[in-house]
Amino acid sequence: MTTRLSLETPPDFNFKTAVYSHGWSQLLPFALDLENWRLSYVFAGETAVSAVIREAGGEIEIELAADKIEQARKAKILRDVRHILRLDDDLSDFYRLTRKEKRLAWVAGLNGGRLLRSPTVFEDLVKTLCTTNCSWALTKSMVKNLVEKLGDAAADGRRAFPTPEAMAGVSERFYRDEIRAGYRSPYFAELAEKVAGGKLNPEAWLASDLPTKELKKEMKSVKGVGDYAAENLLKLVGRYDGLALDSFLRGEFYKRHNNAQACTDREIELFYEKFGDWRGLAIWCDMTEKWH
DNA sequence: GCGTCCAGGTCTACC
DNA sequence: GGTAGACCTGGACGC
């Protein structure tokens with residue numbers, strides 16, 4: 001009992017570079033099978049549905065672990081997959097710039113630069129909060145706890161990412177004791193309450209008319225979101241003029257471009273200035289070349 | 001086994 | 001506008 005859906009891809013799309021673009025594919029409800037290059041996800045909804053997404057014959061094939069899925073739900077899942085894989089992103093201007101740099105020529109060659117994202121900005125926001133001031137192992141652990149303790153179960157037992165309402169329904173204590181979120185616990189509780197109560201709509205950030213500086217300010221009004229987190233979220237809504245510097249990017253930059261010596265953030269910013277509004281994507285691709 | 005450090009930072013108080 | 005100190009957690013590391 002499965003349902004198959006498919007999507008055409010643009011000519012400059014590369015499934016592997018998209019799903020392996022950053023750590024998101026390791027965070028539930030995503031799971032990446034690197035042997036077979038199959039990306040799993042559990043879509044939230046009236047009933048959660050597990051899916052396997054893969055490339056087949058130049059198309060994206062989505063296998064849903066359910067039959068009798070309504071047309072409206074199918075259409076929503078197709079929209080979500082387009083969003084997750086960023087099939088509608090136009091990176092031609094970025095590729096034009098990176099082709100000029102010998103060390104970044106691989107980006108256009110591999111059609112890289114599409115950063116995997118979640119179906120909702122809310123999910124990306126919560127996950128980004130889980131990346132702050134901790135090891136990647138702890139990030140994965142917190143996200144796993146959120147999904148397993150608050151997400152709706154699909155027929156196969158896998159769980160979707162929790163809704164704002166589900167997250168608003170538990171206490172700060174729950175985040176400390178069950179999610180092991182530490183000092184981030186009040187941030188999660190406050191964020192979920194605001195979103196569930198309609199006082200904050202992160203999804204509106206996708207189509208916001210605000211200049212990036214103003215949008216970043218709005219993102220930073222969320223407790224726990226500072227410069228790094230806001231600029232990471234900006235990348236995920238398609239704005240790359242912030243570098244989103246964190247300890248990973250700084251460390252890689254020092255190794256790659258500064259003889260393993262520390263330097264100021266300003267020096268890193270100047271290094272990527274030539275990429276203009278694409279500088280945030282340029283540094284990310286530059287620092288993750290070896291992944292591809 | 002224990003203590004320290006630090007990782008995909010941010011907040012608050014203070015200057 | 002800039003900065004010091006505090007903040008949860010858990011794995012890595014030195015002893």
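Letters A, B, ... mirror the listed sequences (proteins, then strands); counts begin at 1.
- Closest to the Tyr228(A) side chain, of the nucleotides dC11(B), dC8(C), dG8(B), is dG8(B).
- With distances taken from any side-chain atom of Ser247(A) to the nucleotides dC8(C), dA7(B), dT9(C), the minimum falls on dA7(B).
- dT10(B) and dG11(C): their P atoms are spaced 23 Å apart (whole Å).
- Between dG5(C) and dG8(B), the distance separating the two C1' atoms is 22 Å to the nearest Å.
- The nearest heavy atom of DNA chain C to Ala137(A) and to Tyr183(A) marks one nucleotide each, and the one closer to the 5' end goes with Tyr183(A).
- In this structure, Leu245(A) places its CG atom 11 Å from P of dT10(B), rounding to the nearest Å.
- The CG-P distance, from Asn133(A) to dC5(B), rounds to 15 Å in whole Å.
- Nearest to the side-chain atoms of Lys223(A) among the listed nucleotides dG8(B), dT12(B), dG10(C) stands dT12(B).
- A salt bridge links Arg114(A) to Asp12(A): one of the charged nitrogens lies within less than 4.0 Å of a carboxylate oxygen.
- Remark: Arg103(A) CZ to Asp286(A) CG distance equals 4.5 Å, nearest 0.5 Å.
- Each of Ser135(A) and Gly226(A) has a nearest nucleotide on DNA chain B; the 5'-most of these lies closest to Ser135(A).
- Whole-Å rounding puts the Asp265(A) CG to dG9(B) P distance at 12 Å.
- OP1 or OP2 of dC8(C) has at least one side-chain nitrogen or oxygen of Arg176(A) nearer than 4.0 Å.
- Distance from the side chain of Arg184(A) is smallest to dC8(C) among dT10(B), dC11(B), dC8(C).
- Note: CE (Met142(A)) to P (dG11(C)) measures 12 Å, nearest angstrom.
- One atom, CG of Leu236(A), and another, C1' of dG8(B), lie 13 Å apart when rounded to the nearest Å.
- Of the nucleotides present, none pairs with dC8(C) by Watson-Crick or G-U wobble criteria with both distances under 3.5 Å.
- Rounding to the nearest 0.5 Å gives a distance of 10.0 Å between CD of Glu190(A) and CG of Leu200(A).
- Using bins of under 30°, 30° to 60° and over 60° for the plane-to-plane angle, the ring pair Trp284(A)/Phe248(A) lands in the tilted bin.
- Of the candidates dG10(C), dG9(B), dT10(B), the closest approach to any side-chain atom of Asp246(A) belongs to dG9(B).
- The nearest whole Å value for the distance from the CZ atom in Arg180(A) to the P atom in dA7(B) is 21 Å.
- In this structure, Ala229(A) reaches the sugar-phosphate backbone alone: every heavy-atom distance under 4.0 Å involves primed, P, OP1 or OP2 atoms, never a base.
- Residue Gly23(A) is classed as a base contact, given a heavy-atom separation below 4.0 Å to a base.
- Take the nearest nucleotide of DNA chain B for Leu249(A) and for Val222(A): the residue whose nucleotide is more 5' is Leu249(A).
- If you take CZ of Phe188(A) and C1' of dG9(B), they are 13 Å apart, rounded to a whole angstrom.
- Between dA7(B), dT10(B), dG10(C), one nucleotide has an atom nearer to the side chain of Cys134(A) than all others, and that is dA7(B).
- As rounded to the nearest Å, dC8(C) and dC2(B) have P atoms that lie 24 Å from one another.
- Residue-level contact check: Thr131(A) touches the backbone only, with heavy atoms under 4.0 Å from sugar-phosphate atoms and none from bases.
- In this structure, Glu172(A) pairs ionically with Arg176(A), as a charged nitrogen and a carboxylate oxygen lie closer than 4.0 Å.
- By the 4.5 Å heavy-atom criterion applied to side chains, Arg73(A) and Leu64(A) are not counted as neighbours.
- Rounded to whole Å, the distance from OH on Tyr187(A) to C1' on dA6(C) is 10 Å.
- Checking dC8(C), dG8(B), dT9(C) against every side-chain atom of Phe248(A), the shortest atom distance belongs to dG8(B).
- Here the NZ-OG1 distance, from Lys127(A) to Thr139(A), works out to 11.5 Å after rounding to the nearest 0.5 Å.
- A distance cut-off of 5.5 Å between ring centres, combined with a plane angle under 30°, places Trp136(A) in a stacking arrangement with the base of dG8(B).
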